[in-house]
Engineer: 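Before anything else, here's the structure in question.
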Amino acid sequence: MSAPESPQPRVLFVGGLGRSGSTLLELLLAQSPDVCAVGEVVHLWERALGADERCGCGERFTACPFWQQVGEQAFGGWSAVDRDDVLALKDRVDRTRHIPRLAKNSLPPEQLADVRRYADLYTRIYRAALAVTGARVVVDSSKHASLAFALSWADDLDLRVLHLVRDSRAVAYSWGKQVRRPEVVDGEDFMPTFSPFEVSKLWTAQNAAFHLLAARAKVLRLRYEDFTADPAGTVRRLRDFTGLPDDPAALRILAGGASDTSAEPAEPFRAHSVAGNPLRFSGGPLTVRRDEAWRDRLPRRSRAVVSLATLPLRVRYGYLGQRGSDESVERA
């Protein structure tokens, strides 16, 4: 199915620090045919083109018909992409240390050319994904604030940014766990782990950056705890934010009566996602439940470190003076 090429592909960029629910949110949004979810495109150059890891559909990147069509439409085939050149360009543009420069009102000509050339790579992928699927909005859950800033300099992109926030203590607990990466085909690999102090620095830096981005792009903030308390309402809110009408049928993936159209939850559409939480490989309807395991399992010292180091933004996001929550998702 093809759609007329749009001069300004519309993308919902999900930003924030990992382990904040972006894969789940992306999966819910992808159940509507007018939404195309592509996972964490920022990792495409290394994990897909370099390591040929599995797409969310289960196929290797080189065997996935969707991604091969996207590559053909965007670049005339993935073989035409100089991966080493892209990675070198990424290093010059897409790093947290570059955000202060990217946040300015103007850039030197040479740097501006790099930023726009880098953003154009993503714009081509988004436009191709829309053409291949016939969707109206692409969801990119790359999360990196530096990429969001680079995209804000694009000439021909309709960028909408969702700033997804989760309680820093829950995030610290999650990043301390060892999680296998099922997309790896040869051998076994695990997602990285970080100490509570490292998570605190990353959580603060990434979230603070999205406050700066609001001066350059349309940014909507959402707490993960609010999302999990009302997933159906959240999906409606985000569809409105991206200019899409309500689609109650898409919510049939949720178990527990979230859909108006059917008492039985539907089997989900598995998005063609690059990288992300292992949840994207699972099947079956979703049950969202509260899980406060971090309260018992995050060591007291670690909890104190995270609480103190992230205090200013925790206050701003309403995580002080309340019990807070740590949500998890399981398959019904």
Side-chain angles (χ1 to χ4, degrees), residues 14-25 40 42-43 95-100 141-148 162-184 188-213 221-229 231 275-280 282 287-331:
V14 183
L17 188 59
R19 309 294 176 90
S20 296
S22 62
T23 300
L24 169 62
L25 181 59
E40 300 175 7
V42 70
H43 296 303
R95 290 288 184 269
T96 301
R97 64 177 178 269
H98 299 321
I99 288 177
S141 58
S142 290
K143 289 185 283 297
H144 295 192
S146 52
L147 174 55
L162 174 67
H163 176 197
L164 187 60
V165 178
R166 191 181 187 186
D167 191 311
S168 56
R169 296 160 295 183
V171 174
Y173 171 69
S174 184
W175 276 112
K177 296 187 293 185
Q178 193 172 62
V179 178
R180 190 176 70 85
R181 297 180 60 233
E183 61 265 42
V184 175
E188 188 175 52
D189 193 18
F190 295 86
M191 298 179 76
T193 58
F194 296 105
S195 72
F197 184 65
E198 289 173 317
V199 171
S200 298
K201 291 191 297 181
L202 293 169
W203 188 88
T204 300
Q206 287 295 310
N207 287 315
F210 283 99
H211 290 276
L212 285 176
L213 184 63
R221 187 171 303 118
L222 172 68
R223 297 196 328 167
Y224 177 51
E225 293 78 13
D226 297 331
F227 155 46
T228 50
N277 191 284
L279 170 70
R280 64 198 178 100
S282 302
T287 297
V288 180
R289 66 177 177 84
R290 184 178 299 275
D291 181 1
E292 297 186 329
W294 66 271
R295 293 188 176 280
D296 298 321
R297 298 177 186 175
L298 184 65
R300 181 171 297 182
R301 177 169 179 160
S302 298
R303 181 169 171 171
V305 167
V306 177
S307 295
L308 182 61
T310 62
L311 181 61
L313 284 181
R314 283 201 305 113
V315 172
R316 183 164 189 168
Y317 300 145
Y319 290 124
L320 194 66
Q322 63 174 27
R323 283 186 55 79
S325 62
D326 180 38
E327 308 291 337
S328 72
V329 180
E330 63 178 16
R331 292 289 174 173

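None of the values given here were measured: they were computed from a predicted structure.
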Engineer: Side-chain contact test, heavy atoms from C-beta onward, threshold under 4.5 Å: evaluate it for Ser168 versus Val199 and give yes or no.
Structural biologist: no
Engineer: Can you see whether Tyr319 has Arg223 sitting over its ring - NZ or CZ less than 6.0 Å from the centre and within 45° of the normal?
Structural biologist: yes
Engineer: Taking all heavy atoms of Ser20 and all of Val171, pick out the closest pair and write down the distance.
Structural biologist: OG-CG2, 4.0 Å
Engineer: Holding to side-chain contact (heavy atoms from CB on, under 4.5 Å), I want the full list of residues that pass it with Ser141, two or more places apart in sequence or in another chain.
Structural biologist: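 For Ser141, the residues satisfying side-chain contact (heavy atoms from CB on, under 4.5 Å) (neighbours in sequence not counted) are Val14, Ser22, Glu26, Glu40.
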Engineer: Between side-chain atoms of residues 298-306 and protein atoms elsewhere (two or more places apart, or another chain), which donor-acceptor pairs fall under 3.5 Å?
Structural biologist:
none

Engineer: So do the side chains of Arg169 and Thr310 get within less than 4.5 Å of each other, counting heavy atoms only?
Structural biologist: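 Side-chain contact under 4.5 Å: no.
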Engineer: Nearest 0.5 Å, please: how far is CG in Leu222 from CG in Leu25?
Structural biologist: 7.0 Å
Engineer: Is there a donor-acceptor pair under 3.5 Å between the side chain of Arg166 and the backbone N or O of Arg19?
Structural biologist: yes
Engineer: Would you check if the side chain of Arg314 reaches a backbone N or O of Ser307 as a donor-acceptor pair within less than 3.5 Å?
Structural biologist: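 Yes, because the side chain of Arg314 sits within donor-acceptor range (under 3.5 Å) of the backbone of Ser307.
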Engineer: List the residues meeting side-chain hydrogen bond (donor to acceptor under 3.5 Å, both in side chains) with His98, not counting sequence neighbours, and say none if there are none.
Structural biologist: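 side-chain hydrogen bond (donor to acceptor under 3.5 Å, both in side chains) check on His98 returns Arg101.
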Engineer: With rounding to the nearest 0.5 Å, note down the distance linking CZ in Arg95 to NE2 in His144.
Structural biologist: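 Interatomic distance, Arg95 CZ to His144 NE2, rounded to 0.5 Å: 9.0 Å.
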Engineer: Show your working on side-chain contact (heavy atoms from CB on, under 4.5 Å) between Phe227 and Leu24 and close with a plain yes or no.
Structural biologist: CA-CA 10 Å; Phe227 155 46; Leu24 169 62; 3.8 Å; yes
Engineer: Given 3.5 Å as the limit, does a donor-acceptor pair link the side chain of Thr228 with the main chain of Glu225, or not?
Structural biologist: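 Present.
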Engineer: According to salt bridge (Lys or Arg N to Asp or Glu O under 4.0 Å), who are the partners of Arg297, at least two apart in sequence or on a separate chain?
Structural biologist: none
Engineer: Looking at every heavy atom in both Phe210 and Ala148, which two are closest together, and how far apart are they?
Structural biologist: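 Scanning both residues, the minimum pair turns out to be CE2-CB, 4.0 Å.
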Engineer: Is a donor on one side and an acceptor on the other found under 3.5 Å between the side chain of Trp203 and the backbone of Asp167?
Structural biologist: no
Engineer: Roughly how far apart are Leu213 CG and His163 NE2, rounded to 0.5 Å?
Structural biologist: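 Separation between the atoms: 10.0 Å.
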Engineer: How about Arg221 and Tyr317: do any of their side-chain heavy atoms sit closer than 4.5 Å?
Structural biologist: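 Yes, close enough: below the 4.5 Å cut-off.
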Engineer: Could you state the interatomic distance from CG (Asn207) to CG (Leu212), rounded to the nearest 0.5 Å?
Structural biologist: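 Rounded to the nearest 0.5 Å, the CG-CG separation comes out at 12.0 Å.
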Engineer: Just by distance, do the side chain of Ser142 and the backbone of Val42 share a donor-acceptor pair under 3.5 Å?
Structural biologist: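 Pair found, side chain donor or acceptor close to backbone of Val42.
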Engineer: With Ala209, which residues qualify under side-chain contact (heavy atoms from CB on, under 4.5 Å), at least two apart?
Structural biologist: Ile99, Ala145, Phe149
Engineer: Grab the two heavy atoms, one from Gly21 and one from Tyr224, that are nearest each other, plus how far apart they are.
Structural biologist: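 That closest heavy-atom pairing would be CA-CE1, 3.6 Å.
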Engineer: What pairs with Ser200 under side-chain hydrogen bond (donor to acceptor under 3.5 Å, both in side chains), at least two apart in sequence or on another chain?
Structural biologist: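 Ser200: no side-chain hydrogen bond (donor to acceptor under 3.5 Å, both in side chains) contacts found.
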